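Taking it in order: structure first as structure tokens, then the write-up.
Given the structure is predicted, the values throughout are model-derived calculations rather than measurements.
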Amino acid sequence: MTIRLYDTSARQIRDFDPITPGCVSIYLCGATVQAAPHIGHIRSGLNFDIMRRWFEYRGYAVTFIRNVTDIDDKIIAKSADQGRPWWSIGYENERAFNDGYHALGCLPPTYEPRATGHVTEMVEMMRGLIERGHAYEADGNVYFDVRSFPEYLRLSNQELDNLLQPSGEGETGKRDPRDFAMWKSAKPGEPTWETPWGRGRPGWHLECSAMAHKYLGSEFDIHGGGLDLIFPHHENEIAQAKAFGDAFARYWVHNAWVTMSGEKMSKSLGNSVLVSEMVKHWRPIVLRYYLGTPHYRSMIEYSEEALREAESAFARIEGFVQRVVEKAGGVVEPAADVPPAFADAMDDDLGVPQALAVVHTTVRQGNSALAADDKEAAVARLAEVRAMLGVLGLDPLDAHWSGEGGDRGETVLTQSVHGVVDSLVGLVLQQRESARARKDWATADAIRDQLNQSGLVIEDGPDGPRWTLGTR
């Protein structure tokens with residue numbers, strides 16, 4: 001058994017060889033808490049949750065660090081705009097992120113350190129870099145000298161002579177415009193901390209190098225994050241850590257984005273879909289299925305149609321689970337081992353789409369066993385399905401989804417009925433759309449009114465009609 005991962009730094013899939021046999025150390029760049037999370041933010045946490053679950057299934061002890069950036073330019077700008085303390089904005093949105101992670105079934109990290117809690121470690125790292133000739137102070141700022149580190153830009157495969165380094169306001173005194181800020185001098189109205197070079201606040205990149213060193217040591221196994229972090233963030237992390245003397249991460253793993261109209265989902269583009277709103281209209285387990293089942297290196301183009309397809313696909317799985325539970329007269333425990341084809345897919349760079357195909361094949365086999373009244377075979381297939389869904393965090397009988405102490409069979413029945421109702425309502429809505437297409441408004445309105453009388457609210461949107469439960 002060998003797990004293989006695509007390593008961005010090597011630009012190829014590599015066999016995973018841990019530093020310590022039987023152990024895996026992972027550092028994931030987590031939330032910058034300047035606003036509530038959209039589903040693109042949560043996708044990263046979800047992808048690495050699946051990675052963690054697979055390592056644990058394979059018998060590894062996992063240390064999983066996911067940081068919180070609770071101070072940066074955007075948080076300070078929000079504080080000024082809203083007339084609120086920066087820490088109030090950060091804490092509110094940190095809780096929103098954690099609510100989102102929990103809603104979608106992500107396991108809590110081993111540690112979740114905040115940037116502002118590690119200024120001492122940042123100062124120690126800057127002092128060491130200045131002593132080694134890799135950093136310098138100017139006008140109260142501390143900059144990293146990129147020309148002092150020959151490996152700079154190897155991760156992003158850029159040429160230094162062509163580099164345009166992002167710079168913030170007040171970054172004066174640079175020896176080279178491509179040098180980046182590790183520490184920013186104090187400005188009126190901004191939070192500050194005392195350092196040997198005067199009062200100021202952290203730059204974005206320094207925090208992760210310092211926190212990874214504190215919690216995982218000078219070398220660890222996997223560093224993760226979104227594709228957008230390769231440059232400048234991860235490139236600058238590497239420069240700071242290695243120039244300080246750390247070996248740093250052995251593997252770099254990056255997840256792709258959730259896009260809308262071909263653009264990365266982001267608040268600045270105004271195209272974000274907040275998790276807090278999504279869970280009001282879609283079951284969280286369906287959102288997890290939608291975001292977690294594409295390959296982590298594949299882009300996801302957001303659409304309600306795709307979400308409806310995910311809902312229908314997951315309903316087929318839930319329906320099978322419930323039918324076997326009813327046939328068996330109680331909950332069937334997960335199998336000790338997943339099917340070999342599922343394991344092979346997951347070992348090969350977390351091939352969730354191929355692994356999910358095994359889930360659906362096993363469901364079909366189980367349905368065939370039910371149709372043949374072969375209870376023993378149906379129960380065996382359900383045990384395998386539960387084992388596979390457990391790895392993906394999608395087992396509808398798991399306590400997270402069904403509720404502690406509740407009737408898990410009853411809960412999954414409710415979930416399954418929702419999928420059946422969705423399919424039936426979909427057929428009625430197709431009839432309504434056909435009536436609208438031929439301009440038979442009376443029939444279309446009559447269908448809508450009948451559905452409303454049944455307790456369903458029909459909303460017409462750009463992606464077509466959708467239903468929600470209303471008040472009867």
Could I get the full list of side chain to side chain contact (heavy atoms under 4.5 Å, CB included) partners for Arg95, not counting sequence neighbours?
Tyr91
Write down the atom of Ala36, the atom of Ala96, and the distance for their closest heavy-atom approach.
CB-CB, 4.2 Å
Hey, is the main chain of Glu433 close enough, under 3.5 Å, to the side chain of Arg438 for a donor-acceptor pair?
no
Ile71 CD1 to Arg114 CZ distance, which is reported to the nearest 0.5 Å:
13.0 Å
Would you say the side chain of Arg288 lies within less than 4.5 Å of the side chain of Ile50, judging by non-hydrogen atoms?
yes
Does a side chain donor of either Glu237 or His233 reach within less than 3.5 Å of an acceptor in the other side chain?
yes
Heavy atoms of Ile75 and Trp86 approach each other most closely as CG2-O, 3.7 Å
Counting distance only, does the side-chain N/O of Ser303 pair as donor-acceptor with the main-chain N or O of Ala306 below 3.5 Å?
yes
Which of parallel (below 30°), tilted (30 to 60°) and perpendicular (above 60°) describes His102 and His400?
perpendicular
If you count heavy atoms of other groups shown closer than 6.0 angstrom to CD of Gln12, is the number above 12?
yes
Between the side chains of Glu301 and Thr259, is a donor N or O closer than 3.5 angstrom to an acceptor N or O?
yes
Would you kindly say whether His254 and His234 are connected by a side-chain donor-acceptor distance under 3.5 Å?
yes
Is the side chain of Ser298 donor-acceptor paired with the backbone N or O of Pro294 at a distance under 3.5 Å, no angle test?
no
Are the aromatic ring centres of Tyr215 and His118 under 6.0 angstrom apart?
yes
Using the rule given for side-chain contact (heavy atoms from CB on, under 4.5 Å), can you reason through His295 versus Asp349, listing the C-alpha separation, both sets of side-chain angles and the distance that settles it, and then say yes or no?
CA-CA 9 Å; His295 194 272; Asp349 194 31; 3.4 Å; yes
Please check if any side-chain donor atom of Arg316 sits under 3.5 Å from a side-chain acceptor atom of Asn367, or the reverse.
no
Ignoring hydrogens, what is the shortest heavy-atom contact between Ala444 and Arg432? Give both atom names and the distance.
O-NE, 3.5 Å
Can you find a heavy atom in the side chain of Gln365 that is under 4.5 Å from one in the side chain of Phe320?
no
Donor on one side chain, acceptor on other, Thr116 and Asp70, under 3.5 Å
yes
Output for pair (Leu291 CG, Met278 CE), nearest 0.5 Å, gives 7.5 Å
Answer yes or no: is there a donor N or O on one side and an acceptor on the other, between the side chain of Arg297 and the main chain of Ala256, under 3.5 Å?
no
With no hydrogens and no angle check, just 3.5 Å: does a side-chain donor-acceptor pair link Thr32 and Gln34?
no
Verify the distance criterion only: is there a donor paired with an acceptor across the side chains of Gln322 and Glu318 at less than 3.5 Å?
no
Where do Val332 and Arg386 come nearest, in terms of heavy atoms and distance?
O-NH1, 2.8 Å
Reported CG-to-NE2 distance for the pair Asp7 and His223, which is rounded to 0.5 angstrom:
12.5 Å
Looking only at atom types and distance, does a side-chain atom of Glu235 sit under 3.5 Å from a main-chain N or O of Leu153, one as donor and one as acceptor?
yes
Asp221 versus Tyr27, side-chain donor and acceptor atoms under 3.5 Å:
no
With no hydrogens and no angle check, just 3.5 Å: does a side-chain donor-acceptor pair link Glu384 and Thr362?
no
Could you tell me whether a side-chain N or O of Asn67 sits under 3.5 Å from a main-chain N or O of Gly30, the two making a donor and an acceptor?
yes
Give a yes or no on whether the ring-centroid distance for Phe248 and Phe220 is below 6.0 angstrom.
yes
If the plane angle is over 60° it's perpendicular, under 30° parallel, otherwise tilted; pick one for Trp54 and Tyr57.
parallel
For Val33, is there any backbone N or O sitting under 3.5 Å from a side-chain donor or acceptor partner on Glu94?
no
Phe55 and Phe16: aromatic ring centres closer than 6.0 Å?
yes
Criterion side-chain contact (heavy atoms from CB on, under 4.5 Å) on Ile65 and Leu28, from CA distance to verdict:
CA-CA 6 Å; Ile65 311 299; Leu28 173 64; over 6 Å; no
Under the salt bridge (Lys or Arg N to Asp or Glu O under 4.0 Å) criterion, do Glu56 and Arg53 qualify, and how do the steps go?
CA-CA 5 Å; Glu56 289 179 344; Arg53 288 170 183 263; over 6 Å; no
May I ask you to test the Leu370-Asp373 pair for a side-chain heavy-atom distance under 4.5 Å?
no
Applied to residues 202-211, the salt bridge (charged side-chain N to carboxylate O under 4.0 Å, His left out) test, sequence neighbours excluded, yields none
With side-chain contact (heavy atoms from CB on, under 4.5 Å) as the criterion, how do Thr63 and Val24 come out once you've worked through the C-alpha distance, each side chain's angles and the decisive distance to 0.1 Å?
CA-CA 6 Å; Thr63 301; Val24 182; over 6 Å; no
Carefully, step by step, assess Asp344 and Asp348 under the rule side-chain contact (heavy atoms from CB on, under 4.5 Å).
CA-CA 6 Å; Asp344 290 344; Asp348 188 12; over 6 Å; no
Do Ser402 and Leu397 have side-chain heavy atoms sitting under 4.5 Å apart?
no
Cation-pi between Arg66 and Tyr101: NZ/CZ under 6.0 Å from ring centre and within 45° of the ring axis?
yes
Hey, does Glu219 have a side-chain heavy atom less than 4.5 Å from the side chain of Asp246?
no
Determine, stepwise, if the pair Arg283 / Glu311 fulfils salt bridge (Lys or Arg N to Asp or Glu O under 4.0 Å).
CA-CA 9 Å; Arg283 294 164 53 215; Glu311 185 175 49; 5.4 Å; no
Residue set satisfying ring pair (Phe, Tyr, Trp, His ring centres under 6.0 Å) with Trp257, at least two apart, ordered chain then number -> none
For the side chain of Arg154 and the backbone of Ser9, is there at least one donor-acceptor N/O pair under 3.5 Å apart?
no
Run the numbers on Arg43 and Asp49 for salt bridge (Lys or Arg N to Asp or Glu O under 4.0 Å), then give the verdict.
CA-CA 10 Å; Arg43 182 192 182 185; Asp49 180 67; over 6 Å; no
What distance separates Leu307 CG from Tyr289 OH, expressed to the nearest 0.5 Å?
12.0 Å
Please check if atom CZ in Arg448 has more than 12 non-hydrogen atoms from other residues, nucleotides or ligands closer than 6.0 Å.
yes
Using modelled atom types only, decide if a donor and an acceptor are shared between the side chain of Ser79 and the backbone of Arg84 within a distance under 3.5 Å.
yes
Scanning both residues in full, the closest heavy-atom pair of Cys29 with Cys208 reads SG-SG, 3.9 Å
Does NZ or CZ of Arg14 come closer than 6.0 Å to the centre of the six-membered ring of Tyr251, within 45° of the ring's axis?
yes
Distance in Å, Asn255 CG paired with Leu46 CG, rounded so as to fall on 0.5 Å steps
10.0 Å
Between His213 and Phe244, is the gap from one ring center to the other below 6.0 Å?
yes
Looking at every heavy atom in both Ala247 and Lys242, which two are closest together, and how far apart are they?
O-CE, 3.4 Å
Do side-chain atoms of Thr8 reach the backbone of Trp252 as a donor and acceptor pair under 3.5 angstrom?
yes
Roughly how far, to the nearest 0.5 Å, is the CG atom of Asp347 from the OG1 atom of Thr2?
7.5 Å
